[in-house]
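Whatever order the structure lists ligands and atoms in, that order sets their numbers, starting from 1.
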Amino acid sequence: MSISAATRVVALLGHPVGHSASPAVQNAAFAAAGVDAIYVAFDVSSGSEAVAAVSALGLLGANVTVPHKQVAFDVVQHRTDVAAASGAVNTLFWSEGRLTGDNTDVEGLSHVFAADVGLAAGDGVVLFGAGGAARAAAVALGRSAAVVDVVARRPDAAEAVRELARSSGAKVGDVPDPRVVINATPLGLRGEALPDRFMTLAPGQVALDLVYGPRPTPFVAAARERGAAGFDGRGMLLGQAAAAFERWTSRPAPRAVMAAAAESALSARG
Ligand code: NDP
């Protein structure tokens with residue numbers, strides 16, 4: 001790839017960013033699609049200044065990650081409907097000349113629900129966790145018209161995510177025998193198991209972990225061992241990346257190339 005004065009820049013804005021697979025995934029996608037752009041990670045302490053820099057420097061776009069997704073939502077002047085519903089922005093792109101905030105985590109999860117999980121309207125889902133990833137899942141579950149229960153250690157946070165799922169189109173209530181359990185906590189990042197009730201899924205049930213790593217997480221491994229289906233967070237990672245690529249370039253994302261780049265980046269982590 002040759003960089004010239006015409007090359008456009010897409011930024012990853014977050015703290016920390018050193019572990020991110022996104023530069024490998026997006027640069028592989030730009031190269032495969034013949035887009036004259038590069039994707040660079042910036043470890044930034046001020047989310048609002050970083051979002052302002054996207055305009056000031058005329059970047060092609062940006063991803064926003066932890067801990068700046070809420071600040072990006074607050075400071076960006078235009079938001080997609082999905083970003084407005086979720087209260088967080090993970091992608092900045094130009095639409096009709098305006099810098100616009102989107103939340104492609106929701107679209108990434110919707111893709112996983114359709115392509116991997118086969119989620120149907122009325123399916124029962126237990127969502128474990130009540131942070132940013134759980135909020136994106138709540139909006140995506142609402143759009144799938146699932147029946148959702150939220151389990152989290154802080155009752156007020158769980159109730160807020162239930163309300164978000166409800167306002168996004170889900171039915172909210174007890175789900176004693178879920179078809180799908182989603183882990184939206186960091187448990188598993190360092191090999192931790194989930195609470196016992198989530199480690200005993202049976203055939204017909206689906207473990208969807210938003211955590212991912214070089215090996216299957218304990219939640220996914222336990223589900224598969226017991227005959228249930230298990231998917232880790234790669235699908236969400238790739239789904240949000242593909243949607244962001246399409247916002248920036250208006251071209252279909254080269255998903256197979258992006259998946260291969262993510263695999264290489266993850267295996268290099270060991
Ligand atoms: P947040 O910090 O916003 O939320 C984490 C949630 O997990 C909170 O509800 C928190 O509870 C809860 N939690 C943390 N530790 C425990 C524990 N030991 N027991 C029970 N609950 C716990 O993080 P995010 O929502 O942004 O991300 C969560 C995970 O999802 C990340 O670790 C990441 O691995 C994954 N993720 C994956 C993505 C992908 O593309 N695949 C994208 C984004 C996230 P409390 O509020 O009480 O601390």
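- No donor-acceptor pair closer than 3.5 Å links the side chain of Ser55 to the backbone N or O of Val51.
- When hydrogens are left out, the protein atom nearest atom 37 (C) of ligand 1 is Leu210 O, 3.1 Å; that is the closest non-hydrogen contact.
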(request) Kindly indicate, with the supporting measurements, whether the criterion side chain to side chain contact (heavy atoms under 4.5 Å, CB included) is fulfilled by Tyr39 and Val9. (result) CA-CA 6 Å; Tyr39 185 103; Val9 175; over 6 Å; no
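- Arg179 contributes no side-chain N or O that, together with a main-chain N or O of Asp123, makes up a donor-acceptor pair within less than 3.5 Å.
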(message) Between Gln26 and Val10, does the side chain to side chain contact (heavy atoms under 4.5 Å, CB included) criterion hold? Intermediate values first, please.
(response) CA-CA 9 Å; Gln26 297 292 1; Val10 177; over 6 Å; no
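- Remark: ligand 1 and Gln240 share no N or O pair separated by less than 3.5 Å (distance only, no angle test).
- Ligand 1 has no nitrogen or oxygen under 3.5 angstrom from a nitrogen or oxygen of Phe128.
- Scanning the protein for heavy atoms near atom 4 (O) of ligand 1, the closest one is Gly131 CA, 3.2 Å.
- Protein heavy atom closest to atom 29 (C) of ligand 1, with residue, atom name and distance, is Thr185 O, 3.7 Å.
- A donor-acceptor contact shorter than 3.5 Å is absent between the side chain of Ser168 and the backbone of Arg166.
- Considering backbone and side-chain N/O of Ala152, none are found under 3.5 Å from N/O of ligand 1.
- Counting protein heavy atoms only, atom 26 (O) of ligand 1 is closest to Ala133 N, 3.8 Å.
- When only non-hydrogen protein atoms are considered, atom 31 (C) of ligand 1 lies nearest to Pro186 CA, 4.4 Å.
- Checked by atom type and distance alone, the side chain of Thr80 pairs as donor or acceptor with a backbone atom of Ala83 at under 3.5 Å.
- When all heavy atoms of Thr7 and Ser2 are compared, the pair lying nearest together is OG1-O, 4.0 Å.
- Close approach of ligand 1 to Leu189 (heavy-atom distance below 4.0 Å) involves ligand atoms 32 (O), 34 (O).
- Below 4.0 Å from some heavy atom of Arg154 lie the following atoms of ligand 1, by number and element: 45 (P), 46 (O), 47 (O).
- The nearest protein atom to atom 39 (C) of ligand 1, hydrogens excluded, is given as Met236 SD, 3.6 Å; this is a heavy-atom distance.
- The shortest N or O to N or O distance between Gly129 and ligand 1 is not below 3.5 Å.
- Taking every non-hydrogen atom of Tyr212 and a distance limit under 4.0 Å, the qualifying atoms of ligand 1 come out as 39 (C), 41 (N).
- At least one donor-acceptor pair under 3.5 Å links the side chain of Gln240 to the backbone N or O of Leu237.
- A 6.0 Å sphere centred on CD of Glu49 holds no more than 12 heavy atoms belonging to other residues, nucleotides or ligands.
- Looking at Ala88, Ala184, Gly132, it is Ala184 that brings a heavy atom closest to atom 28 (C) of ligand 1.
- There is a protein heavy atom less than 4.0 angstrom from atom 9 (O) of ligand 1.
- Looking at Arg153 next to ligand 1, an N or O pair under 3.5 Å apart turns up.
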(request) Evaluate the criterion side chain to side chain contact (heavy atoms under 4.5 Å, CB included) for residue pair Val82 and Asp102; output intermediate values, then yes/no. (result) CA-CA 7 Å; Val82 168; Asp102 199 355; 4.2 Å; yes
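- Aromatic rings from Phe219 and Phe198 are positioned such that their centres are separated by 6.0 Å or more.
- Among protein heavy atoms, atom 34 (O) of ligand 1 sits closest to Val211 CG2, 3.5 Å.
- For atom 23 (O) of ligand 1, the nearest protein heavy atom lies 4.0 Å away or farther.
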